[in-house]
Amino acid sequence: MFTIKLHQLVASLCSCWFSLTAVGQVNWPQWRGPSGTGYSAQASPPTRWNDSENVRWKTPIPGRGHSTPVVHEDLLFLTTAIPAGEPLPPKMSGRPGEHDNLPVDHKHQFVVLAIDRANGTIRWQRVVHEAVPIEGGHKSASLASASPIVDEGRVYAFFGSHGLYCLDFEGTLIWERQFGQMHSKHGHGEGASPVLHGQAIVVNWDHEEQSFVTALNKTTGETIWRNERPEVTSWSSPIIVEHGNRPQVIVAGTERVRSYDLETGDEVWQCGGMSANIVATPVFSNGVLVVGSSYEIRNMLAIKLDGAQGDITGSDNVLWTRTRGTPYVPSLLLVNDGVYFLAHYQNILTRVDLTTGEESPGAMRLGELTSIYASPVAAGEFVYITDLEGTTMVITTGPTPRVVAVNRLNEHVNASAAIADNSLFIRGEKHLFCITET
């Protein structure tokens with residue numbers, strides 16, 4: 001292991017087929033971006049900023065949420081949850097006094113916002129639901145942690161137990177779906193984002209009661225299929241991949257990762273070896289899937305999809321495994337053939353080769369950063385890693401990463417960033433920042 005420190009280094013410095021090709025690389029249409037890997041090949045945001053440099057605008061966001069903004073041309077969309085009405089007698093979810101949970105002490109409004117990309121003005125703010133939350137969630141969570149999706153003049157906002165909503169770009173509600181109440185492990189809350197492919201929106205619903213995965217028609221919200229799952233609570237978002245002309249829904253869940261046929265919902269394959277409490281979203285490219293977990297056990301798997309059928313645990317379809325420095329909260333990042341991940345949620349970054357699992361150059365301690373909940377993102381030749389204190393380290397991609405800059409916004413950050421064209425959008429606890437060269 002070696003330590004990256006800014007003053008020690010000279011500053012110089014995926015193909016996953018989603019149905020978002022019409023939106024293009026210049027936008028950020030859903031969780032983990034246009035390719036579902038956290039990478040935007042054509043974008044070129046600044047590598048340096050602070051409170052007064054390269055911040056085009058800084059917009060106050062009401063309420064609280066950890067969802068990533070999505071970007072479509074001149075608009076950004078964001079979700080939040082705003083306390084409403086008089087305080088209620090506090091009620092704890094999970095086991096009272098344990099697991100650092102927040103109390104349920106207010107009714108909340110569940111809100112979708114549209115923000116002008118040029119100047120940060122809130123164009124509209126739509127309350128789609130108002131209710132007393134099912135759970136308060138962990139102190140590090142929020143009631144608006146699932147990221148929205150934007151596609152063909154519509155935005156899809158998911159609030160878990162409080163519904164999935166389809167709105168047009170003027171804020172008019174087109175349809176909504178309610179799935180019931182989700183009861184998460186320890187009452188820690190909800191967070192998995194839906195995913196869109198073609199005409200289907202897929203929602204994974206892993207919790208402490210009957211879990212399921214379901215596909216909905218994006219135009220009407222009607223159910224295409226629903227498949228019950230034996231897993232319990234996870235927070236990992238599903239991904240959809242094209243392999244052999246067969247779209248597959250891949251869900252990393254407690255103890256197992258499973259693949260479902262997008263058209264029918266039938267299970268294609270499954271593979272054991274995962275931990276409980278899965279949070280990180282997998283990545284896929286060139287026929288290889290990489291999933292990671294780090295809770296009571298640490299394990300990463302690289303799975304070759306060619307020939308994957310039935311239970312492939314321990315088979316030749318598992319290209320490599322890894323049991324050290326594996327990810328827990330931040331999701332994996334894929335840039336070309338390099339998979340980047342953070343150890344648990346610590347400031348230790350590793351880059352491995354997609355197909356071999358070999359490290360290059362080895363684990364890197366990001367000495368300027370603290371704990372990290374936001375998932376790393378990348379644009380062009382640079383990786384952006386933001387910690388809870390709002391400090392972002394920028395490093396070069398490739399087998400010999402170098403530090404370019406360490407940038408501070410002095411506001412706590414849990415949400416993962418979005419990238420579009422020459423801008424980086426960072427959601428803090430109180431503001432949304434547009435980082436653009438000024």
Side-chain angles (χ1 to χ4, degrees), residues 16-20 30-32 35-37 146 149 151 156 158 160 164 177 179-180 182 190-207 209-218 220-276 278-285 287-293 301-313 315 317-318 331-332:
C16 174
W17 289 99
F18 284 78
S19 65
L20 301 170
Q30 65 180 6
W31 168 242
R32 302 311 283 151
S35 61
T37 61
I149 300 169
D151 176 67
Y156 304 88
F158 184 51
L164 172 64
R177 284 292 305 271
F179 300 96
M182 180 180 286
E190 309 170 17
S193 300
V195 65
L196 173 67
H197 182 101
Q199 294 298 308
I201 295 178
V202 175
V203 171
N204 189 52
W205 191 274
D206 282 356
H207 68 146
E209 297 181 8
Q210 180 58 63
S211 298
F212 63 87
V213 59
T214 185
L216 311 175
N217 183 293
K218 74 172 186 179
T220 64
E222 295 176 348
T223 300
I224 301 172
W225 53 260
R226 172 172 163 151
N227 196 330
E228 293 188 349
R229 288 169 48 78
E231 278 72 34
V232 291
T233 302
S234 69
W235 293 270
S236 177
S237 300
I239 66 172
I240 300 175
V241 306
E242 284 273 8
H243 186 71
N245 298 317
R246 185 183 194 181
Q248 299 181 32
V249 178
I250 296 176
V251 182
T254 295
E255 298 181 356
R256 290 190 167 260
V257 55
R258 298 178 190 266
S259 169
Y260 302 89
D261 187 292
L262 177 62
E263 183 177 346
T264 65
D266 296 336
E267 184 177 293
V268 180
W269 56 262
Q270 60 171 279
C271 185
M274 303 292 285
S275 172
I278 304 300
V279 182
T281 298
V283 290
F284 172 84
S285 182
V288 177
L289 174 81
V290 181
V291 295
S293 61
L301 306 170
I303 298 171
K304 180 181 66 174
L305 264 58
D306 281 348
Q309 195 76 32
D311 191 341
I312 61 171
T313 306
S315 73
N317 283 96
V318 180
S331 293
L332 288 78

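Count residues from 1 along the sequence.
- Closest approach of G191 and W235 over heavy atoms only: N-CD1, 3.7 Å.
- With R256 as reference, D311 is the one residue of V251, D311, I278 to meet the side-chain contact (heavy atoms from CB on, under 4.5 Å) rule.
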>> Would T214 and N204 count as a side-chain contact (heavy atoms from CB on, under 4.5 Å) here? Give the steps.
In response: CA-CA 7 Å; T214 185; N204 189 52; over 6 Å; no
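- Electrostatic pairing of R177 and E222 does not count as a salt bridge here, judged by no charged N lying under 4.0 Å from a carboxylate O.
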>> Test side-chain contact (heavy atoms from CB on, under 4.5 Å) on D206 and V232; report intermediate values, then the result.
In response: CA-CA 5 Å; D206 282 356; V232 291; over 6 Å; no
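- Ring geometry for F179 versus W205: interplanar angle of 30 to 60°, hence tilted.
- When side chains are defined from C-beta on, H207 does not count as touching E190, because their heavy atoms never get closer than 4.5 Å.
- Using a 4.5 Å cut-off on side-chain heavy atoms (C-beta onward), P194 and V203 make contact.
- The nearest pair of heavy atoms linking A280 to G292 is CB-O, 4.2 Å.
- The local environment of CD in E255 is sparse, with at most 12 non-hydrogen atoms from other residues, nucleotides or ligands closer than 6.0 Å.
- You'll find the side chain of L305 reaches within 4.5 Å of the side chain of F284, heavy atoms only.
- Shown here for V249 and I240, the closest heavy-atom pair between the two residues is CG2-CG1, 4.2 Å.
- Nearest heavy-atom pair, A252 versus P282, reported as atom, atom and distance to 0.1 Å: CB-CG, 4.0 Å.
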> Between H243 and D306, is a side-chain contact (heavy atoms from CB on, under 4.5 Å) present by the stated rule, with each step listed?
Replying inline: CA-CA 8 Å; H243 186 71; D306 281 348; 2.6 Å; yes
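- Among all heavy-atom pairs drawn from T254 and T233, the shortest one is OG1-O, 3.1 Å.
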> Is there a side-chain contact (heavy atoms from CB on, under 4.5 Å) between V202 and L216 once you walk through the steps?
Replying inline: CA-CA 6 Å; V202 175; L216 311 175; over 6 Å; no
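- Counting only heavy atoms from C-beta outward, the side chains of E242 and H197 approach each other to under 4.5 Å.
- In this structure, Q210 places its CD atom where more than 12 heavy-atom neighbours from other residues, nucleotides or ligands lie under 6.0 Å away.
- Although no hydrogens or angles enter the test, the distance criterion places no donor-acceptor pair under 3.5 Å between the side chain of S193 and the main chain of A146.
- Side chains of V290 and L332 form a contact here, defined as non-hydrogen atoms less than 4.5 Å apart.
- The shortest side-chain heavy-atom distance between T264 and W225 does not fall under the 4.5 Å cut-off.
- For the side chain to side chain donor-acceptor pair (under 3.5 Å) with Y260, the qualifying choice from E267, Q248, R229 is R229, the only one to do so.
- Considering CG of L289 and OG of S259, their distance stands at 9.0 Å, rounded to 0.5 Å.
- Taking both residues in full, the closest heavy atoms of V257 and M274 are given as N-CG, 4.1 Å, listed atom of the first, atom of the second, then distance.
- No side-chain heavy atom of I201 sits less than 4.5 Å from a side-chain heavy atom of V195.
- Looking at heavy atoms from C-beta onward, L196 lies in side-chain contact with K218 at the 4.5 angstrom threshold.
- Side chain to side chain, S35 and T37 meet the donor-acceptor criterion of an N or O pair below 3.5 Å.
- The backbone N or O of E231 sits less than 3.5 Å from a side-chain atom of S211, completing a donor-acceptor pair.
- Judged by distance alone, the side chain of S234 and the main-chain N or O of G253 form no donor-acceptor pair under 3.5 Å.
- No side-chain donor-acceptor contact under 3.5 Å links N317 to the backbone of I303.
- The distance from atom SG of C271 to atom CD1 of I250, rounded to the nearest 0.5 Å, is 11.0 Å.
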